[in-house]
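The block underneath contains the structure these notes are about, expressed in structure tokens.
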Amino acid sequence: MSELPDRIPANATHPLFFDAVLTPHRSLSAEGFWILMALICGVSFLAGIFFVLRGAWPVTGFFGLDVLLLYVAFKANYRSARLRETVKLTTDALVVERVSLSGRRSRWTFQPYWLRIEIDDPPEHDSQLTLTSHGRSLAIGSFLSPEERLEVALALRAALHRWRAAGREAGLPAERETSRAV
């Protein structure tokens, strides 16, 4: 989280009700990647030696090409792991910050009083987790599995409920009953 220097600080004037960093899942760690690449290189080297000893030395180049293509494919996959979304709910606002693959940052701010969190229940593969307020909508967590999107939605709804309860305790007017339930 330290790579996001312009985030809202967690202090007494802005207590956090929700703070999550959403990132794509990667099942292979960096260390696992290097171990896998070492194993692939070793197998390709041994197979290349076998073919050289049999007189089919041109085949050895194709083993090197396979290793290179696997390396490039894994690096492209890891590049997509740079995508991240930060969702924060403070007393003043719900802030969503998205860092794209290229490192470009985008930021959206929602007033939590009118915020709706929408997702299909049970979620399907193409279900979107959408934040809606004042005619603006934002889909978040598109890279998450349907179950993970539902988990984030439920946690965010619970945090929004705590935010509203804290507002009522502080003497703020209750939300109108005609608004859509979250």
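Since we're looking at a predicted model, the values are computed, not measured. Numbers here are sequence positions counted from 1.
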The test is side-chain contact (heavy atoms from CB on, under 4.5 Å); show your working for D66 and L70 and say whether it passes. CA-CA 6 Å; D66 286 351; L70 277 171; 5.5 Å; no

Just wondering, do T23 and L83 contact through their side chains at under 4.5 Å, heavy atoms? no

Please find the pair of heavy atoms, one from T91 and one from W163, that lie closest to each other, and give the distance. O-NE1, 3.2 Å

Between L89 and L16, is there a side-chain heavy-atom distance shorter than 4.5 Å? no

Flag side-chain contact, heavy atom, 4.5 Å: L131 against V96: yes

CD1-OG distance between I49 and S44, expressed to the nearest 0.5 angstrom: 11.5 Å

L150 side, atom CG; R157 side, atom CZ - distance, nearest 0.5 Å: 7.5 Å

So does R54 have more than 12 non-hydrogen atoms from other groups sitting under 6.0 Å from CZ? no

Of all the heavy-atom pairs spanning Q111 and S133, show the shortest one and how long it is. O-OG, 3.8 Å

To check you understand the geometry: which heavy-atom pair defines the closest contact between R105 and V99, and what is its length? NH1-CG2, 3.8 Å

Rounded at 0.5 Å granularity, tell me how far CG in L36 sits from CD1 in I40. 4.0 Å

For the residue pair S127 and E124, confirm or rule out a side-chain donor-acceptor distance under 3.5 Å. no

Between L39 and V43, is a side-chain contact (heavy atoms from CB on, under 4.5 Å) present by the stated rule, with each step listed? CA-CA 6 Å; L39 289 171; V43 168; 5.5 Å; no

Please assess T132 against W114 for the test side-chain contact (heavy atoms from CB on, under 4.5 Å), listing each intermediate value before the final yes or no. CA-CA 8 Å; T132 305; W114 303 105; over 6 Å; no

If you round to the nearest 0.5 Å, how far is NE2 of H125 from CG of D120? 13.0 Å

Nearest-0.5 Å distance, CD of residue E148 to NE2 of residue H25: 7.5 Å

So E151 and L144, do their side chains get closer than 4.5 Å, heavy atoms only? no

Check: F143 and E85 side chains under 4.5 Å, non-hydrogen atoms: yes

May I have the step-by-step check of side-chain contact (heavy atoms from CB on, under 4.5 Å) for V67 and M37, ending in yes or no? CA-CA 8 Å; V67 171; M37 287 307 297; 3.9 Å; yes

Please answer whether the main-chain N or O of T109 pairs with a side-chain N or O of R136 as donor and acceptor at a distance below 3.5 Å. yes

With sequence neighbours excluded, give me every ring-ring contact (aromatic ring centres under 6.0 Å, His included) pair touching residues 34-54. F51-F63

Would you mind reporting whether W108 and L94 have side-chain heavy atoms less than 4.5 Å apart? no

Taking all heavy atoms of P112 and all of T90, pick out the closest pair and write down the distance. CG-O, 4.4 Å

Can you tell me how the ring of Y78 sits relative to the ring of F33, calling it parallel under 30°, perpendicular over 60° and tilted otherwise? perpendicular

Taking the side chain as C-beta and beyond, is there a heavy-atom pair between I119 and R149 under 4.5 Å? yes

So F110 and L138, do their side chains get closer than 4.5 Å, heavy atoms only? yes

